[in-house]
Amino acid sequence: MTWLLILILVPLAGSLVLAFLKGNDRAAVLAALGFSILEFLLVIPFWLSYSPSGARLQMTSSFDWIPSFGVHIAFGTDGISLIMIAVIALLVPIVVGGLGTLDKLPPGRSAGGFLSLILLQEALTIGVFAATDVFLFYVLFEIMLIPMYFLIGGYGGANRQYAAVKFFLYSFLGGLIMLASAIGAYSLAADKLGKGTFDWATLVTVVRDAPLSTQIWLFLGFFLAFAIKAPLVPFHTWLPDAAGEAPIGVAVLLVGVLDKVGTFGFLRYCLPMFPDASRTLAPLVLVLSVIGVLYGSILAAGQRDMKRFIAYVSIAHFGFISLGIFAFNEQAMVGSATYMLNHSLATGMLIVVIGLVIARGGSSRISDYGGMAKVTPLLAGLFLLAGLSTLSLPGTNSFVSEFLVLIGSFVDQPVYTILATVGMVLAAAYVLWLYQRVFQGPVRGDALVGVGGGPGTAIAPELGAKKAITDLNGREIAILAPLVVLILVLGFYPKPVLDTVTPTVQQTLSAVQGGK
């Protein structure tokens with residue numbers, strides 16, 4: 001039993017327990033909160049036991065699964081997967097604690113069923129980041145779609161079925177194409193070694209020596225699956241629908257963690273396994289990255305719905321991440337790896353505060369709000385902090401990542417970098433414009449009409465019922481507090497994260513530069 005197996009089994013056990021608590025919502029919430037907090041506490045010694053100067057893969061374990069085909073249940077972690085496991089362990093307790101505040105369950109739906117799917121999603125996602133057998137990675141890559149499909153389709157908005165099916169089909173098709181490439185890599189290993197294997201470390205040494213044409217075909221299979229998951233333009237169209245219809249807590253995990261499987265796949269699989277193909281096709285990926293930055297930024301500025309706004313902001317950010325990865329510069333790649341973490345924190349907080357706005361006003365339409373800072377000043381301040389982190393203001397966590405991506409990419413890819421910097425200007429525009437429309441000016445709109453009920457309150461007649469709108473309560477402050485602390489601390493002291501990911505990035509870059 002290793003750390004990684006424990007980290008997978010704890011939320012899996014919690015999911016099974018919650019499946020039997022469908023009739024008692026309070027017990028289900030308490031149980032889910034207990035399991036998710038336990039998971040987070042276990043991640044702390046897990047992080048401390050990781051040695052950045054040690055081997056590429058640490059805390060490894062391997063068990064025979066299908067021996068005749070060389071398939072194992074094998075797990076291990078590097079610096080990049082470590083930070084992603086840590087961030088999902090942080091976000092899940094926030095999602096669980098926000099149930100009832102961020103999300104209201106549909107009639108007839110139990111908290112036990114919803115939270116069981118959340119914990120199952122956590123277990124499968126950790127398994128994806130930890131898998132070191134390529135076939136196991138594929139299996140988990142596909143299976144983790146199932147709980148997210150039911151979370152969107154069963155608990156989402158009016159168009160939830162359409163959004164859930166679109167999300168599932170896009171990702172499932174990408175996974176099937178990746179499987180074809182994985183089988184191709186398996187065949188190459190069989191030809192060279194006399195027996196096939198799906199072991200990641202072995203395939204890296206075998207496939208990297210394949211002819212360029214073979215590498216390109218195999219690379220494209222993995223790349224397409226990860227480009228859909230990230231998502232890169234033009235494979236992005238599922239995200240605005242899924243994020244727009246998903247419950248707020250589910251959107252936190254979808255945009256904050258699951259999308260990172262794509263950029264993680266670039267770093268773990270595409271670059272080390274197919275170094276020659278990666279360098280050959282890098283210009284194409286860089287073009288898609290810059291298009292994503294500009295396209296996502298422009299469409300974010302024109303959104304009328306706050307949840308879809310988040311989706312297009314993320315598309316722009318993933319353009320920055322892939323730009324840093326395929327610039328093949330150490331600074332840029334370190335920036336991209338840390339951007340994965342910092343985007344999760346900043347966007348996760350922005351989704352949460354948007355959820356708190358929607359919970360008060362009953363609408364996700366931007367035009368339904370105005371002047372909320374007059375009645376919810378604390379919520380307005382935290383919304384602004386999340387927005388400033390999203391636009392990478394110096395002093396917030398995202399600044400260091402974006403700065404490293406740009407200065408590193410400029411060395412070898414100045415044209416693409418200059419074009420991408422336009423996205424920084426647009427980010428300042430669309431974030432501050434959203435804040436101005438929702439929180440500044442007179443109290444107005446369909447969701448906020450008049451001021452009454454004493455200081456700091458307003459009246460919201462949305463959905464045919466009046467209710468007092470108040471500022472953040474203690475529970476909501478507790479949900480946001482960890483994100484606020486990390487955004488500010490990592491803004492001024494990013495060294496622990498940089499030290500963790502830099503050796504893994506150096507090993508990845510060495511593998512790419514060591515190709516033929």
Would Val334 and Leu498 count as a side chain to side chain contact (heavy atoms under 4.5 Å, CB included) if you check the C-alpha gap in whole Å, the side-chain angles of each, and the deciding distance to 0.1 Å?
-> CA-CA 7 Å; Val334 168; Leu498 294 175; 3.7 Å; yes
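- Aromatic ring centres of Tyr295 and His236: separated by under 6.0 Å.
- Note: His343 and Phe318 meet the aromatic proximity criterion, with ring centroids under 6.0 Å apart.
- A ring-centre distance under 6.0 Å is found for Phe326 and Phe266.
- Taking the six-membered ring for Trp and thresholds of 30 and 60 degrees, Phe135 and Tyr138 have ring planes inclined between 30 and 60 degrees apart.
- Between the side chains of Gln440 and Tyr435, at least one donor-acceptor pair of N or O atoms lies under 3.5 Å.
- Checked against the 6.0 Å centroid threshold, Phe264 and Phe129 count as a close aromatic pair.
- The OG1 atom of Thr125 lies 5.5 Å from the CE atom of Met144; values are rounded to the nearest 0.5 Å.
- Using modelled atom types, one finds no donor on one side chain facing an acceptor on the other under 3.5 Å when comparing Ser398 with Ser392.
- Not a single donor-acceptor pair under 3.5 Å links the side chain of Lys307 to the backbone N or O of Ala251.
- Residues Ser278 and Leu271 approach most closely at OG-CA, 3.5 Å, considering heavy atoms.
- What you find for Arg268 and Gly76 is that their closest heavy atoms are NH2-O, 4.4 Å.
- For CH2 of Trp47, the number of neighbouring non-hydrogen atoms (other residues, nucleotides, ligands) closer than 6.0 Å is greater than 12.
- Of the possible donor and acceptor atoms, one in the side chain of Arg360 sits under 3.5 Å from a partner among the backbone N and O of Asp471.
- Judged by distance alone, with hydrogens and angles left aside, the side-chain atoms of Ser510 form no donor-acceptor pair with the main-chain N or O of Gln506 at under 3.5 Å.
- With Ser171 contributing its side chain and Phe168 its backbone, the two residues share no donor-acceptor pair below 3.5 Å.
- Contact of the Ile8 side chain with the Phe75 side chain is registered, since non-hydrogen atoms from C-beta on lie closer than 4.5 Å.
- The closest side-chain heavy-atom distance from Glu402 to Leu406 is below 4.5 Å.
- Shortest non-hydrogen contact noted between Ala277 and Leu212 is N-CD1, 3.9 Å.
- Seen from the ring of Phe141, Lys229 counts as a face-on cation partner, given the 6.0 Å and 45° thresholds.
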Side chain to side chain contact (heavy atoms under 4.5 Å, CB included) between Phe137 and Met178: does it pass, once the steps are laid out?
-> CA-CA 10 Å; Phe137 173 81; Met178 179 176 66; 3.8 Å; yes
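- Asn342 pairs with exactly one of Asn397, Thr390, Thr347 by the side chain to side chain donor-acceptor pair (under 3.5 Å) rule, that one being Asn397.
- Although no hydrogens or angles enter the test, the distance criterion places no donor-acceptor pair under 3.5 Å between the side chain of Asn159 and the main chain of Tyr162.
- Rounding to the nearest 0.5 Å gives a distance of 6.0 Å between CG of Leu90 and CG of Leu486.
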Report the C-alpha separation of Tyr430 and Tyr312 in whole Å, then their side-chain angles, then the decisive distance to 0.1 Å, and conclude whether the ring-ring contact (aromatic ring centres under 6.0 Å, His included) test is met.
-> CA-CA 11 Å; Tyr430 60 65; Tyr312 285 106; over 10 Å; no
Would you check, one step at a time, whether the test side chain to side chain contact (heavy atoms under 4.5 Å, CB included) holds for Trp217 with Ser181?
-> CA-CA 8 Å; Trp217 283 109; Ser181 287; over 6 Å; no
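- The pair Glu245-Lys166 fails the salt-bridge criterion, with no side-chain N (NZ, NE, NH1 or NH2) lying under 4.0 Å from an Asp/Glu carboxylate O.
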Assess whether side chain to side chain contact (heavy atoms under 4.5 Å, CB included) is satisfied between Met148 and Gln121, documenting all intermediate values.
-> CA-CA 7 Å; Met148 185 56 65; Gln121 188 70 66; 3.2 Å; yes
Show your reasoning for whether side-chain hydrogen bond (donor to acceptor under 3.5 Å, both in side chains) applies to Asp368 and Ser363.
-> CA-CA 7 Å; Asp368 287 344; Ser363 171; 2.5 Å; yes
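- Proximity of a side-chain donor or acceptor of Gln58 to a complementary backbone N or O of Ala55 within less than 3.5 Å is detected.
- When the shell of 6.0 Å around OH of Tyr416 is examined, it contains more than 12 heavy atoms from other residues, nucleotides or ligands.
- Rounding to the nearest 0.5 Å gives a distance of 10.0 Å between CG of Leu385 and CG of Leu483.
- The two residues Asp133 and Asp199 have their closest heavy-atom pair at OD2-N, 4.2 Å.
- Between Asp305 and Arg308, no side-chain nitrogen of the basic residue sits less than 4.0 Å from a carboxylate oxygen of the acidic one, so the salt-bridge criterion is not met.
- Atoms CD1 and CG, from Ile477 and Leu382 in turn, are 8.0 Å apart once rounded to the nearest 0.5 Å.
- A tilted orientation is assigned to the rings of Tyr339 and His317, their planes being inclined by 30° to 60°.
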Given salt bridge (Lys or Arg N to Asp or Glu O under 4.0 Å), test Asp276 with Arg208 step by step and report yes or no.
-> CA-CA 7 Å; Asp276 300 328; Arg208 63 183 292 106; over 6 Å; no
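- Put simply, the side chain of Ser344 gets close to the backbone of Met340: a donor and an acceptor are under 3.5 Å apart.
- Shortest non-hydrogen contact noted between Leu434 and Phe383 is CD2-CZ, 3.7 Å.
- Using bins of under 30°, 30° to 60° and over 60° for the plane-to-plane angle, the ring pair Phe274/Phe219 lands in the perpendicular bin.
- With Thr396 contributing its side chain and Leu393 its backbone, the two residues share a donor-acceptor pair below 3.5 Å.
- Remark: Ile291 CD1 to Leu232 CG distance equals 10.5 Å, nearest 0.5 Å.
- Contact annotation: the side chain of Leu281 approaches that of Leu220 to within less than 4.5 Å [non-hydrogen atoms, C-beta and beyond].
- Using a 30° and 60° split on the angle between ring planes, Phe222 and Phe226 fall in the tilted class, from 30° to 60°.
- Between the side chain of Arg437 and the main chain of Gly370, no donor-acceptor pair closer than 3.5 Å is present.
- Distance alone, capped at 3.5 Å, places no donor-acceptor pair between the Ser297 side chain and the Met424 backbone.
- For the residue pair Asp259 and Pro231, the shortest heavy atom distance occurs at OD2-CD, 4.2 Å.
- Atoms CD1 and CG, from Ile479 and Leu356 in turn, are 7.0 Å apart once rounded to the nearest 0.5 Å.
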